[in-house]
Number of protein chains: 2
Amino acid sequence: MSSQLALADLPQIERRTLSETAYDALSDLLASGRLAPGDRLSLRQTAAALGVSVMPIREAVSRLVADGALEVAPNRAVRVPILDAGEFRALAETRMAIEGLAAGRAAERRDAAELAAIRRAEEAFRANAQAPAPDGAKAVALNRDMHFAVYAACGLAPMREIIARLWLKAGPVLNLDLRAHPERLQHGSALRRHAEVLRAVETRDATAAAAAVAGDIHDAADFILSRGGLRGAESS
Amino acid sequence: MSSQLALADLPQIERRTLSETAYDALSDLLASGRLAPGDRLSLRQTAAALGVSVMPIREAVSRLVADGALEVAPNRAVRVPILDAGEFRALAETRMAIEGLAAGRAAERRDAAELAAIRRAEEAFRANAQAPAPDGAKAVALNRDMHFAVYAACGLAPMREIIARLWLKAGPVLNLDLRAHPERLQHGSALRRHAEVLRAVETRDATAAAAAVAGDIHDAADFILSRGGLRGAESS
DNA sequence: CTGCCCGAACTGTGATCACACATCACTAGC
DNA sequence: GCTAGTGATGTGTGATCACAGTTCGGGCAG
């Protein structure tokens, strides 16, 4: 029957639950640094803000708590975790190890299309950073795009999920600062590190790619730590 | 006041929500392989089995879904994911990379107490495996204890959480088989690999520790893949 | 003016109900 | 006899209500 052909062209109707939408919305807030460490979150208030009942919010929040991106205090208050210097350092070291691993694999296995995507992401980040007035919020998103363009080429889906979760935990600490002071993009090392990553991926140099990504993470973490905004922080 | 001293000795009352308890119960079922890939899970039935309402179960299940330990089919049915050969291989490779990393760090940083704990875990696993009639369920638990005794010595809390999540995803596939055929413990390579891990940690040989853990994971994954129980599986 | 205390408002947790949808057995129609 | 439609049953999802606990501010006593 000809109708079969017409039906085959129909796009699948996407079935998203409100919980997923709420999870995405809160994730975005956390990853972009619009929720700062220590900020409290009320189920009812966020439910009202998103125009839904508390149920979808509960599920979204409980997932984020499981990810470590949010925490429930013994008082049962939900808030963005405040990392002390030691926890932040451990998180940064974990990221350096795992994201370095992923970048190394990406350098070895990437194909032409993936390389092109990484190159585009690097260019976009550079264009914004070198602009007369860099956009902090945009820089956060473009930085994320650049990193995940690399990790997408590593060929391991579980690895990408793990890294996404790590970013959820580190996002509030890292990006709050970047949003507030986008000018450090121009003097910071991110630009140079990204160029190193791109070059290593181009030449299939796994060791260099891992070192460049680890260096990028290390520099950013060092900057945050030296600024001393964390509880119990001491420089280096 | 002397009552202050007496009060200080009181252990903290643990405030566990029903959701957490349910999560632990389901995690245990998954990690030990008592829930097999493809098994369906009904919220109402499990709620009745645990003697609670569906609410705590919903939160527990949604967390496990977020971890990838469960999945909701487009039909909205909750079930244990059925990994095809490619997915299983990617998961195994990710585990080899990350758990190898953790083992390497553990070998470098372990202190005497951690070494002793690892040694005890290795002995316990060996004792059960070399018994006339090895206990499959016990072997699963002891194998887990051995691995996590090593990872606990790596000094990075986020790394341990990541590995725990990976085990949740791989558990049903790996341990279902081991529970059914515990006799392969006697001929399998797990015993030898564990001894290699212990030796490497004793001598602080990071490279050897990483290789031994990766080898252990590789051998188990290879065995599962060669057995061909996975969709789209071909040997090696 | 300062300290304590009590109560109102809010928090997350859990139970219960309502709803749209999927599945499957069964039956009426070809 | 076989297919398509129909109903009952069970599913996850979402809303609403009830409750114990916390927090915070206003008012009373010192």
Side-chain angles (χ1 to χ4, degrees), chain A residues 1-4 7 10-27 29-30 35-82, chain B residues 1 10 12-27 29-30 35 37-82:
Chain A
M1 293 176 272
S2 65
S3 70
Q4 292 291 352
L7 259 51
L10 282 178
Q12 285 271 52
I13 297 178
E14 62 174 328
R15 300 156 58 106
R16 289 181 60 77
T17 64
L18 293 182
S19 301
E20 294 176 56
T21 309
Y23 178 82
D24 290 344
L26 291 179
S27 296
L29 253 52
L30 285 166
L35 277 175
D39 279 1
R40 279 210 298 265
L41 215 58
S42 159
L43 294 188
R44 287 175 174 83
Q45 284 178 16
T46 60
L50 269 68
V52 296
S53 152
V54 295
M55 276 297 323
I57 309 295
R58 281 173 66 173
E59 292 206 15
V61 166
S62 75
R63 281 175 57 182
L64 288 166
V65 169
D67 292 344
L70 290 177
E71 68 177 6
V72 297
N75 329 333
R76 284 181 166 173
V78 177
R79 63 176 190 183
V80 183
I82 302 178
Chain B
M1 294 176 273
L10 282 178
Q12 284 271 52
I13 296 179
E14 59 175 334
R15 300 158 59 107
R16 293 180 58 78
T17 64
L18 294 181
S19 301
E20 294 176 58
T21 309
Y23 178 83
D24 290 344
L26 291 178
S27 296
L29 253 52
L30 284 165
L35 276 175
D39 279 0
R40 279 210 297 266
L41 216 57
S42 159
L43 293 189
R44 287 175 176 81
Q45 284 178 16
T46 60
L50 269 67
V52 296
S53 152
V54 295
M55 275 297 322
I57 308 296
R58 281 173 66 172
E59 293 206 15
V61 166
S62 74
R63 280 175 57 183
L64 288 166
V65 169
D67 292 344
L70 291 177
E71 67 177 7
V72 297
N75 329 332
R76 283 181 168 173
V78 177
R79 64 175 190 183
V80 183
I82 302 178

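Here is how names work: the chains are called A, B, and so on, in the same order as the sequence lines, proteins then strands, and each is numbered from 1.
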- Considering only heavy atoms, which members of residues 38-51 of chain B lie under 4.0 Å from some atom of DNA chain D? Leu41(B), Ser42(B), Leu43(B), Arg44(B), Gln45(B)
- Message: Could you work out, with side chain to side chain contact (heavy atoms under 4.5 Å, CB included) as the rule, every residue matching Ala47(A), not counting sequence neighbours?
- Response: Val54(A), Ile57(A)
- Report the residues that fulfil side chain to side chain contact (heavy atoms under 4.5 Å, CB included) with Asp39(A), sequence neighbours left out, ordered by chain and then residue number. Leu35(A), Ala36(A), Val80(A)
Under 4.0 angstrom, heavy atoms only, what part of the nucleic acid is [X] near: base, sugar-phosphate, or nothing?
X: Val72(B); answer: nothing
X: Val61(B); answer: nothing
X: Ser53(A); answer: base

- Task: Rounded to the nearest angstrom, tell me the gap between atom CZ in Arg79(A) and atom P in dT23(D).
- Result: 11 Å
- To the nearest Å, give me how far apart CE (Met55(B)) and P (dA18(D)) are. 17 Å
- Message: Given Val61(A), which partner from the list Val78(A), Thr46(A), Val72(A) fulfils the side chain to side chain contact (heavy atoms under 4.5 Å, CB included) test?
- Response: Val78(A)
- Task: Might you point out which heavy atoms bring Ser62(B) and Arg63(A) nearest each other, and give the distance in Å?
- Result: O-CG, 3.8 Å
- Which atom names give the shortest non-hydrogen contact between Ala69(B) and Pro81(B), and what distance separates them? O-CD, 3.2 Å
- Message: As a quick check of understanding, evaluate side-chain contact (heavy atoms from CB on, under 4.5 Å) for Asp24(B) and Arg16(B), giving each step before the final call.
- Response: CA-CA 11 Å; Asp24(B) 290 344; Arg16(B) 293 180 58 78; 2.4 Å; yes
- Apply side-chain hydrogen bond (donor to acceptor under 3.5 Å, both in side chains) to Gln45(B) and list each qualifying residue two or more places apart in sequence or on a separate chain. none
- Under the side-chain hydrogen bond (donor to acceptor under 3.5 Å, both in side chains) test, residues paired with Ser19(A) that sit two or more places apart: none
- Which is the 5'-most and which the 3'-most nucleotide of DNA chain C that has an atom under 4.0 Å from a heavy atom of chain B? dG14(C) to dT23(C)
